[in-house]
Student: 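Following this message is one structure expressed as C-alpha cells.
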Protein chains: 2
Amino acid sequence: MLEDEGLMKLKVREELKLKKQAYVQEEILTAAAALFAETGVRAVTIDDIASSLGYTKSVVYYYFKNKNQVLWEIFERIHEAWSQDMTSIMEKDLPPAELLGAMIRQHALNVMGRKAWTAIYFRDQAELTSDQQKIIVKRKREYDQLFKTVYTKGVEAGIFRDIPTPVIVSGIIGMANFTHAWFKDGRGLAPEEIANHYVEIILNGCRTA
Amino acid sequence: MLEDEGLMKLKVREELKLKKQAYVQEEILTAAAALFAETGVRAVTIDDIASSLGYTKSVVYYYFKNKNQVLWEIFERIHEAWSQDMTSIMEKDLPPAELLGAMIRQHALNVMGRKAWTAIYFRDQAELTSDQQKIIVKRKREYDQLFKTVYTKGVEAGIFRDIPTPVIVSGIIGMANFTHAWFKDGRGLAPEEIANHYVEIILNGCRTA
DNA sequence: AAATGAATTGACTGAGCGGTCAGAATTTTT
DNA sequence: AAAAATTCTGACCGCTCAGTCAATTCATTT
C-alpha cells in the first residue's frame with residue numbers, strides 16, 4: 001500500500017538524519033573532551049569547542065541542549081567503554097592473580113589510551129549536577145567493587161596478603177590513573193610495558209611471602 | 001639620637017603591621033584552599049572566599065593583588081612544606097630501602113594531612129600563568145628526582161628490581177596522591193596505617209626476588 | 001520550480017564575576 | 001582631642017560567556 005511506502009521512506013530518512021547528527025555529535029564530543037582535559041571544563045567556552053572544529057557556537061547548541069549535556073555525554077561514553085572492557089575480562093573466569101593482573105593492565109591501558117577521559121573523569125566531576133554526581137559515585141563504587149571482590153578471593157585463597165581492600169584497590173587505581181599526567185604517546189616506554197610493570201609491582205607487592 | 005629612636009619605632013610598627021597582615025593573609029589562604037579544593041579554582045569567586053570568613057570581597061583585595069596571587073601563594077605554601085619535609089628525610093642518610101620507605105610514608109602522610117593541597121596542586125595547575133607553571137613543572141621534576149635517585153641507588157645495590165624510574169616513581173606518587181580522593185579523616189584506617197601499607201606494597205613489589 | 005525541512009548564522013540578552021575606587025569606620029599615634 | 005594611618009565598605013565598571021531567537025542558507029523531496 002502507498003501508506004506503507006510512505007512510512008518506510010520516512011523511517012529511512014529519519015535514520016539517515018540521526019546517523020548524520022550522531023556523527024557530528026561525536027565529532028563535537030571528541031573536540032570538547034580534548035579541550036576540557038587540557039584546561040578544565042570551566043575554562044572552556046562553547047565558542048572554543050565550536051571554533052576548534054570551524055563551527056560557530058550555535059552549531060553546538062543545535063546538537064546539544066547545553067554545556068552540561070556535552071559534559072555528561074562524555075562521562076557516559078567513558079563509563080560505557082570502561083565498564084564494558086572490565087566486565088568482558090571478568091567473564092573469562094581466570095584465577096585471582098591472573099584476573100587481577102589483567103584488570104590492572106586493562107585499566108592502565110584505558111587510562112593511557114584516552115588520557116583526556118581520565119583527566120575529565122577524575123577532575124571535573126564537580127561540574128556535574130548533584131544528581132549526575134550521585135550516579136558517578138555509584139558507578140565508581142561498582143567499578144572498585146570488581147577489584148575488591150577479586151582481591152578478597154585472592155586473600156581467601158591464601159595468595160594475596162590481607163591488605164584492606166579500599167587501600168589496595170585505591171592504590172592500584174591511583175597508580176594507573178596518574179599515568180594520564182606523565183605518559184606521552186610515542187615517547188619512552190609503550191603503554192603495554194608500563195602496564196606490565198604495574199601489574200608486576202602490585203602482584204609482587206601483594207603476594208603472600 | 002632622636003633620629004634613631006624614630007627609625008626604631010617605625011621598624012617595630014612596620015613589623016607588627018606585617019605580622020597582623022600575615023595572620024589575615026594566612027586565614028584567607030586557608031579558606032581559599034578549602035574552597036578551591038572542593039569545586040576547583042575557576043568555580044570559586046573572591047566573594048565566596050571572603051564571605052566564608054564573614055568578610056567582603058574588598059577585604060581580600062586589600063590583602064591580595066588578585067585571584068592569581070591567592071592561588072600562587074597556596075602553591076608556594078605547598079612547595080615549601082613538602083620540599084622541607086622531604087629534604088629533612090634525605091639528610092638522615094638511610095640505606096635505600098629504608099629511605100624510600102620513609103619517603104613514601106612522608107608523601108602519603110602529607111597528602112592525607114592536607115587533602116585540599118593535593119587536589120589543588122595536581123588539578124588546578126592550569127589556572128596559573130605560564131611562567132608560574134614552568135616553575136611548578138621544574139619543582140615537580142626536582143621532587144621526582146629525589147625518588148629517582150634513591151631508587152637508582154637501590155637498583156645499583158641489587159635490592160630493587162630494575163624498573164624504569166619514571167614508571168616506579170610516578171606509580172608511587174600516583175598511588176599516594178589518590179588518597180586525597182577517598183581518604184576520610186576519622187573514618188576507617190588511620191593515615192599512618194594506610195601509609196605503611198603502601199610502603200609495604202611498593203617495597204615488596206620492587207624487591208629483587 | 002516550488003515546497004518542505006534540516007542546518008547554520010549572527011546579533012542579542014542577562015547574569016556573574018574580577019577588579020577598582022572614593023570614602024567611611026576604626027585603630028593607633030602624637 | 002586631633003591627626004594620621006589602617007582597615008573595611010559598597011557601589012560601580014567592563015568584560016566574558018551561556019544560552020536564545022529570528023532570519024537565512026542549504027539540501028531534499030515532489
Side-chain angles (χ1 to χ4, degrees), chain A residues 2-3 5-28 31-32 35-36 39-74 124 127-129, chain B residues 2-3 5-28 31-32 35-36 39-74 124 127-129:
Chain A
L2 281 171
E3 268 186 40
E5 266 183 56
L7 277 174
M8 291 271 271
K9 273 188 190 171
L10 265 177
K11 258 189 193 168
V12 171
R13 204 188 304 164
E14 190 85 356
E15 265 172 43
L16 268 171
K17 185 185 115 191
L18 287 179
K19 230 175 230 169
K20 217 171 168 181
Q21 289 191 336
Y23 177 81
V24 180
Q25 278 176 4
E26 293 302 324
E27 202 187 8
I28 291 171
L35 292 174
F36 286 169
T39 46
V41 171
R42 207 60 166 233
V44 175
T45 70
I46 302 287
D47 253 326
D48 292 336
I49 299 168
S51 57
S52 88
L53 291 165
Y55 296 151
T56 61
K57 183 160 68 161
S58 303
V59 174
V60 176
Y61 278 102
Y62 181 73
Y63 290 99
F64 294 91
K65 207 170 87 255
N66 51 33
K67 197 178 177 182
N68 176 74
Q69 203 205 336
V70 176
L71 181 59
W72 180 242
E73 299 259 348
I74 291 172
D124 292 321
E127 297 297 322
L128 298 171
T129 69
Chain B
L2 282 171
E3 268 185 39
E5 266 183 56
L7 277 175
M8 291 270 272
K9 272 188 189 170
L10 266 177
K11 257 190 194 168
V12 172
R13 205 187 302 165
E14 190 88 354
E15 266 174 42
L16 268 171
K17 185 185 118 191
L18 287 178
K19 228 174 233 172
K20 217 169 166 182
Q21 289 191 338
Y23 178 80
V24 181
Q25 278 175 4
E26 293 302 323
E27 201 187 8
I28 292 171
L35 292 173
F36 286 168
T39 46
V41 171
R42 206 63 165 232
V44 175
T45 71
I46 302 287
D47 254 327
D48 291 337
I49 299 168
S51 58
S52 89
L53 291 165
Y55 296 151
T56 61
K57 182 162 66 160
S58 303
V59 174
V60 175
Y61 278 102
Y62 180 73
Y63 291 99
F64 293 91
K65 209 170 87 256
N66 52 33
K67 196 178 177 181
N68 176 73
Q69 202 205 337
V70 175
L71 182 59
W72 180 243
E73 299 260 349
I74 291 172
D124 291 320
E127 297 297 323
L128 298 171
T129 68

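What you are looking at is a predicted structure, and each value in this text was computed from that prediction instead of being measured. To find a chain, count down the sequence lines: A is the first, B the second, and so on, and within it residues start at 1.
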Student: Does some side-chain heavy atom of B:Glu73 sit less than 4.5 Å from a side-chain heavy atom of B:Phe64?
Tutor: yes
Student: Provide, to the nearest angstrom, the distance between the CG atom belonging to B:Asp47 and the P atom belonging to D:dC8.
Tutor: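 The distance from CG of B:Asp47 to P of D:dC8 comes to 16 Å, rounded to the nearest Å.
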Student: Rounding to an integer number of Å, can you tell me how far A:Ile49 CD1 sits from D:dC17 C1'?
Tutor: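 Rounded to the whole Å, the gap is 12 Å.
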Student: Any side-chain heavy atom of B:Lys67 within less than 4.5 Å of one from B:Ile49?
Tutor: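 Answer no - side chains too far apart.
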Student: Output all residues satisfying side-chain contact (heavy atoms from CB on, under 4.5 Å) with A:Ser51, sequence neighbours left out; order by chain, then residue number.
Tutor: none
Student: Could you state the CD-P distance from A:Glu127 to D:dA18, rounded to the nearest angstrom?
Tutor: 11 Å
Student: To the nearest Å, give me how far apart OH (A:Tyr55) and C1' (C:dA7) are.
Tutor: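 Value for this atom pair: 11 Å.
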Student: Please produce a list of atom pairs where a protein N or O lies less than 3.5 Å from an N or O of nucleotides 19-22 of chain C.
Tutor:
{"unit_1": "C:dG19", "atom_1": "OP2", "unit_2": "B:Tyr61", "atom_2": "OH", "d": "3.1"}
{"unit_1": "C:dG19", "atom_1": "OP2", "unit_2": "B:Lys67", "atom_2": "N", "d": "2.9"}
{"unit_1": "C:dG19", "atom_1": "N7", "unit_2": "B:Lys57", "atom_2": "NZ", "d": "3.2"}
{"unit_1": "C:dG19", "atom_1": "O6", "unit_2": "B:Lys57", "atom_2": "NZ", "d": "2.7"}

Student: Please state whether the phosphate of D:dT9, meaning OP1 or OP2, lies under 4.0 angstrom from any side-chain nitrogen or oxygen of B:Thr56.
Tutor: yes
Student: Can you check whether B:Tyr63 has a side-chain N or O nearer than 4.0 Å to OP1 or OP2 of D:dC8?
Tutor: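 Checking B:Tyr63 against D:dC8: at least one side-chain N or O falls below 4.0 Å of OP1 or OP2.
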Student: In whole angstrom, give the distance that lies between atom NZ of B:Lys19 and atom P of D:dT6.
Tutor: 17 Å
Student: Under the side-chain contact (heavy atoms from CB on, under 4.5 Å) rule, collect the residues that match up with A:Val59, sequence neighbours excluded.
Tutor: A:Tyr55, A:Thr56, A:Tyr63
Student: When the distance from CZ of A:Arg42 to C1' of D:dA18 is rounded to whole Å, what number comes out?
Tutor: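 Nearest whole value for this atom pair: 11 Å.
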Student: Does A:Thr45 offer a backbone N or O that forms a donor-acceptor pair with the side chain of A:Lys57 under 3.5 Å?
Tutor: no
Student: What distance separates A:Arg42 CZ from A:Leu71 CG, expressed to the nearest 0.5 Å?
Tutor: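 One finds 11.0 Å between CZ of A:Arg42 and CG of A:Leu71.
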Student: Could you check if a side-chain atom of B:Val24 sits within less than 4.5 angstrom of a side-chain atom of B:Tyr62, using non-hydrogen atoms only?
Tutor: no
Student: Considering every strand and a 4.0 Å limit on heavy-atom distances, what is the contact class for A:Val44: base, sugar-phosphate, or nothing?
Tutor: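 Sugar-phosphate contact only - A:Val44 comes under 4.0 Å of backbone atoms but never of a base.
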Student: Please determine whether a side-chain nitrogen or oxygen atom of B:Gln21 lies at a distance below 4.0 Å from atom OP1 or OP2 of D:dT6.
Tutor: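 No, outside the criterion.
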Student: Just N and O in the side chain of A:Tyr62: are any of them under 4.0 Å from OP1 or OP2 of C:dA7?
Tutor: yes
